[in-house]
Amino acid sequence: MTGDIGELAIFSGTPLFAEPLHVGRPNLPDEDLVLERVRDVLRSGQLTNGGPNVLEFEQRVREIADTQHCIAVCNGTMALQIMARACNLQGEVIVPAMTFVATAHALEWIGLTPVFADIDAESHTLDAESVESSITPETTAILGVHLWGNPCHVLALQKIADRHGLQLLFDASHGFGCAHQGRSIGGFGVAESFSFHATKFVHSIEGGAIVTNDDDVAERCRLYRNFGITGFTRIQSAGINGKMNELTAAIGLCSIEQLESLRAVNLQNLRFYRSAFARLPGISLLEPTADFEGNGQYVVALIDETAFGVNRNHLHDILRAEGIFVRKYFEPGCHRAEPYSGNAKTLRTPLTCTDNVLGRVLQFPTGAAVSVSEICAVGELLKTIHASSATLCQQLGDSRRHLFQHPCDFIDSSHPVSEAA
Ligand code: T4K
């Protein structure tokens, strides 16, 4: 691009990236290692219902999370449900509204009521004051989310939980391999859950796990994962099929092999985004909290429309047309999603920070599929956009002008570009 905004892909120019950059493009494990393990599984005849790969996967997760128990399951949503059941949660559970909707849905599906509390602007995790003001006699637990891998305010939440006799649990779907004040994410509260979905930096295509240091909770998780059956014929409770299979565990083990190299790639990408954004007013990175070792899985930017000159929604559309498939995670917020929207039971405090963040946040592509030179090209494009922001906004606002999408962009294809001004 020469710097002429008429050449932008949103105005029918050639996209900067013919092959789009994604948030969540799976990091692929070593192919030979995968094929070797998959072959071994197929030859063994043990495909699921317990097997050496699941056991080894559980052991590796336990080591990384530094917990006594790990129960591998078929996905992160199932991990949340089995964990909630194993902890005997009832009634209301306080969760952030700023999370993937699976956090709330997992509870809703097993008859619990998610009650949405606000986050703080520094970590995007539960705000302790908002949690405390959401407690009612029906509340039995707090389920924090280590959003973007950022650790929740675990000590403050533990104090609240202790004061009110509540259980404290964590959705650590984003936090695998992270540590807070020298302690691995996984060992906080009564139990924590991980997602090993393909979009996570370490993954098993689909998969999840519960980690805990509580022997009783672990035993119940194992029981519930396998229909509540012990032995061949003894059915002890109403369980479900939450098992991870051997092929999935084999992929997960290959992916875990790459944990440190993927972390290094992500952290390098983060450094290049940081230096690109540093030269641009109005775009800032959400920086990791102090004393935290992250996995760099998400590059989270906040857009200040006044300083940058283009609002978040327009920037989203411009970048996607260029093949930079940024995301607005987690718009619209669980409190505005069905079936929670307008349900007074699920909302007791104002979600001021959540709403503010939801309107400004943008995740940028990272992971092993994104190169440093591509990040530099994104930085240069952002410079052009900022420098021409006034003319650009005028043209975007011109309702007679046809706006274009990237040919590979199938998301929201019923709405060519977002309507926000
Ligand atoms: N709690 C939290 C806090 C979570 O973030 C999640 C899941 C859960 C609980 C539940 O865990 P799971 O039950 O899913 O294990 C994705 C994932 O599906 C979801 O697992 C994840 N969070 C969420 C943050 O992201 P979408 O709807 O955004 O995914 P999708 O299909 O748009 O993919 C994201 C991008 O990745 C796309 O640009 C395309 C690319 N991609 C994706 C896949 C799956 C590929 O290039 N190849 C692929 O195979 O939800």
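Order of appearance sets the numbers: ligands from 1, and atoms from 1 within every ligand.
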Would you kindly say whether Asn213 and Thr67 are connected by a side-chain donor-acceptor distance under 3.5 Å? no

Using a strict 4.0 Å cut-off to heavy atoms of His174, name the atoms of ligand 1 that fall inside it. 3 (C), 4 (C), 5 (O)

Taking the inter-plane angle between the rings of His105 and Tyr340 on a 0 to 90° scale, is it parallel (under 30°), tilted (30 to 60°) or perpendicular (over 60°)? tilted

Could a heavy atom of Met78 be found less than 4.0 Å from some atom of ligand 1? no

Indicate yes or no: does an N/O atom of Val23 lie under 3.5 Å from an N/O atom of ligand 1? yes

Quick check on contacts: which atoms of ligand 1 are under 4.0 angstrom from a heavy atom of Tyr298? 24 (C)

So, do His146 and Phe194 have ring centers that fall under 6.0 Å from each other? no

Check whether more than 12 heavy atoms from other residues, nucleotides or ligands sit under 6.0 Å from atom CZ of Arg43, and answer yes or no. no

Partner of Glu331 by salt bridge (Lys or Arg N to Asp or Glu O under 4.0 Å), out of Arg336, Arg312, Arg360: Arg312

Ring centres of Phe325 and Phe17 under 6.0 Å apart? no

Under 4.0 Å from a heavy atom of Arg25: which atoms of ligand 1 are those, numbered in the order shown and with their elements? 36 (O), 45 (C), 46 (O)

Stepwise, does the side chain to side chain contact (heavy atoms under 4.5 Å, CB included) test hold for His386 with Val310? CA-CA 7 Å; His386 168 64; Val310 177; over 6 Å; no

Do ligand 1 and Ser195 have nitrogen or oxygen atoms that lie under 3.5 Å from each other? yes

Asp171-ligand 1 polar pair, N/O distance under 3.5 Å: yes

Is it the side chain (CB and beyond), the backbone, both or neither of Phe194 that lies under 4.0 Å from ligand 1, heavy atoms counted? neither

For Asn75, take its heavy atoms, then give the atoms of ligand 1 lying under 4.0 Å from any of them. 13 (O), 15 (O)

In ligand 1, which numbered atoms sit nearer than 4.0 Å to a non-hydrogen atom of Phe330? 24 (C)

Counting heavy atoms under 4.0 Å, the part of Thr77 that contacts ligand 1 is both

The atoms of ligand 1 lying under 4.0 Å from a heavy atom of Thr99, numbered in the order shown, are 3 (C)

Arg37 bridged to Glu257 by N-O distance under 4.0 Å: no

Is Glu260 salt-bridged to Arg263, cutoff N-O under 4.0 Å? yes

Within the structure, does Phe325 bring an N/O atom to less than 3.5 angstrom of an N/O atom in ligand 1? no

Who gets closest to atom 8 (C) of ligand 1 by heavy atom: Ser173, Gly76, Ala369, Ala79? Ser173

Contact check, Pro26 vs ligand 1, heavy-atom distance below 4.0 Å: yes

Here the atoms of ligand 1 under 4.0 Å from any heavy atom belonging to Ala102 are 8 (C), 9 (C), 10 (C)

Would Phe196 count as a contact of ligand 1 if the rule is a heavy atom under 4.0 Å away? no

Tell me whether Glu219 is salt-bridged to Arg222, with the criterion being a basic N under 4.0 Å from an acidic carboxylate O. no

Logged contact type for Arg327 with ligand 1, heavy-atom cut-off 4.0 Å, is side chain

State plainly whether the residues Glu192 and Arg183 are in salt-bridge range, i.e. N to O under 4.0 Å. no

